[in-house]
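Heavy atoms only: backbone and side chains are in, while hydrogens, waters and symmetry mates are out.
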Amino acid sequence: MVSSRPPAVILAGGLSRRMGGGDKALKPLGSGTLLSHVIARLGAQVSSLALNINGDARRFDVNLPGLADSIPDHPGPLAGILAGMEWAAAAQADWIVTAACDTPFLPADLVVRLCARQEETGAPIVLAASGPGGKPVMHPTFGLWSTALAPALRRDITGGSRRIRDFAERAGLALAPFDGDPFFNVNTPEDLDEARRRLAEYTS
C-alpha cells in the first residue's frame, strides 16, 4: 500500500533552452518564483521534498536536499526521476512522487489522487493526465513511481532511453485523470506572461 504522504522530487535539472537558458525555475512569478509556487503546492502534500538540480545548488537558495543527476551529459528528466528514486529508496521509501519545476498551478490533490489510482490498479507507475474527451493528454513528469524500478531505469537510461513515456509503458503504467488544465507549464517567455495573467486572475 502506498503511504498517503510519500516523498517527492521536483525536476529542475533541465537546460531551459526555450526560455533562453539559465534556471527557468527561478523566473519571477508574483511575489515568488516558479519554483516557490511548486514547492508550496507540492510540499503540503508529501512527507519530504527534494530538488533535482545540476550544478551549484546554492543558487536556488531553498532549504531542500539537492539531487544531481547520477548519469552524465544531461540525459533528461528520466535521470532526475532516477535521482529521486535512489534518494527515496535510501530513506526506505517504496514510492516517490515527481513533479516539474515549471508548473506553478499543479493540483492541490495531486498526490492523493495518484496514490488512489495506484491502489485501484496495482501499477508500479501512475502518471497524471488531463484534458477533455476520451483521450486525456499524459503529463509524464507528474507521477507516482515505485522505487524498486530504479535499477531497471538506470539500465534503460545508460542504454539510450530518454522518453519517460517509453520507460513507463515498458514497466507498466496507469493514468490518473484530472479535470481542466492544472498542468499548464512554462517553457517560453510567452508562457511566463500567461502564468502571470493566470496568477492575477486567481488572486484577484
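- For the pair Cys115 and Leu144, the minimum side-chain heavy-atom distance is below 4.5 Å.
- In terms of heavy atoms, Leu127 sits closest to Ala168 at CD1-CB, 4.0 Å.
- With sequence neighbours excluded, no residue forms a ring-ring contact (aromatic ring centres under 6.0 Å, His included) with Phe60.
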**Request:** Go through the steps to decide whether Ile39 and Val62 satisfy the test side-chain contact (heavy atoms from CB on, under 4.5 Å), and finish with yes or no.
**Result:** CA-CA 9 Å; Ile39 289 172; Val62 293; 3.9 Å; yes

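- The ring pair (Phe, Tyr, Trp, His ring centres under 6.0 Å) contacts involving residues 148-171 comprise nothing, where partners must be two or more places apart or lie in separate chains.
- In this structure a side-chain-to-backbone donor-acceptor pair under 3.5 Å is missing from Gln118 to Val126.
- The two atoms that bring Leu114 and Ala128 nearest to each other are CD2-N, 4.2 Å, heavy atoms only.
- Between Pro107 and Pro182 there is a side-chain heavy-atom pair separated by less than 4.5 Å.
- Considering every non-hydrogen atom in both Trp145 and Met85, the closest pair reads CE3-CE, 3.6 Å.
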Could you give the side-chain donor-acceptor pairs of residues 5-12 under 3.5 Å, partners two or more places apart or in another chain?
| residue | atom | partner | partner atom | Å |
| --- | --- | --- | --- | --- |
| Arg5 | NH1 | Ala44 | O | 3.1 |
| Arg5 | NH2 | Val46 | O | 2.7 |

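- Residues satisfying the salt bridge (Lys or Arg N to Asp or Glu O under 4.0 Å) test with Arg117, not counting sequence neighbours, are Glu120.
- Listed by first then second residue, pairs satisfying salt bridge (charged side-chain N to carboxylate O under 4.0 Å, His left out) with a partner in residues 67-88 read Glu86-Arg154, not counting sequence neighbours.
- Every residue meeting the side-chain hydrogen bond (donor to acceptor under 3.5 Å, both in side chains) condition with Ser161, not counting sequence neighbours, appears here in chain and number order: Arg170.
- When all heavy atoms of Thr141 and Pro77 are compared, the pair lying nearest together is CG2-CB, 4.3 Å.
- Listed by chain and residue number, Asp166 satisfy the side-chain hydrogen bond (donor to acceptor under 3.5 Å, both in side chains) test with Arg163 (two or more places apart in sequence, or in another chain).
- Of all heavy-atom pairs spanning Gly80 and Asn52, the tightest one is CA-OD1, 3.2 Å.
- With values rounded to the nearest 0.5 angstrom, Leu34 atom CG is found 5.5 Å from Leu29 atom CG.
- Heavy-atom minimum distance, Trp95 versus Ala123: CH2-O, 3.6 Å.
- In this structure, Thr103 has no side-chain hydrogen bond (donor to acceptor under 3.5 Å, both in side chains) partners at least two apart in sequence or on a different chain.
- Here the side chain of His139 pairs no donor or acceptor atom with the backbone of Phe183 at under 3.5 angstrom.
- From Ser146, atom OG reaches atom CD1 of Ile125 across 8.5 Å, with rounding to the nearest 0.5 Å.
- The CD1 atom of Ile164 sits 5.5 Å away from atom CG of Leu78, with the distance rounded to the nearest 0.5 Å.
- Interatomic distance, OG of Ser36 versus CZ of Arg41, reported as 12.0 Å (0.5 Å rounding).
- Residues forming a salt bridge (Lys or Arg N to Asp or Glu O under 4.0 Å) with Arg198 (at least two apart in sequence, or on another chain): Asp181, Glu194.
- When the side chain to side chain contact (heavy atoms under 4.5 Å, CB included) test is applied to Thr147, the partners found at least two apart in sequence or on another chain are Ala88, Ala89, Ile96.
- Using a 4.5 Å heavy-atom threshold, the side chains of Lys27 and Val186 count as separate.
- Within the 3.5 Å criterion, the main-chain N or O of Asn187 finds no donor-acceptor partner in the side chain of Lys24.
- Within the 4.5 Å cutoff, no side-chain heavy atoms of Leu67 are placed close to those of Ile53.
- Considering only heavy atoms from C-beta on, Leu149 comes within 4.5 Å of Pro124 through its side chain.
- Evaluation of the salt bridge (Lys or Arg N to Asp or Glu O under 4.0 Å) rule for Arg196 yields Asp193 as partners, not counting sequence neighbours.
- At least one side-chain heavy atom of His74 sits under 4.5 Å from a side-chain heavy atom of Asn54.
- Contact of the Phe142 side chain with the Val97 side chain is not registered, since no non-hydrogen atoms from C-beta on lie closer than 4.5 Å.
- Scored by the side-chain hydrogen bond (donor to acceptor under 3.5 Å, both in side chains) test, Gln92 finds no partners at all (sequence neighbours excluded).
- A donor-acceptor pair under 3.5 Å links the side-chain atoms of Asp191 to the main chain of Thr188, judged by distance alone.
- Side-chain atoms of Thr121 do not come within 3.5 Å of backbone N or O of Ala174 as any donor-acceptor pair.
- Within the 4.5 Å cutoff, side-chain heavy atoms of Leu82 are placed close to those of Ser70.
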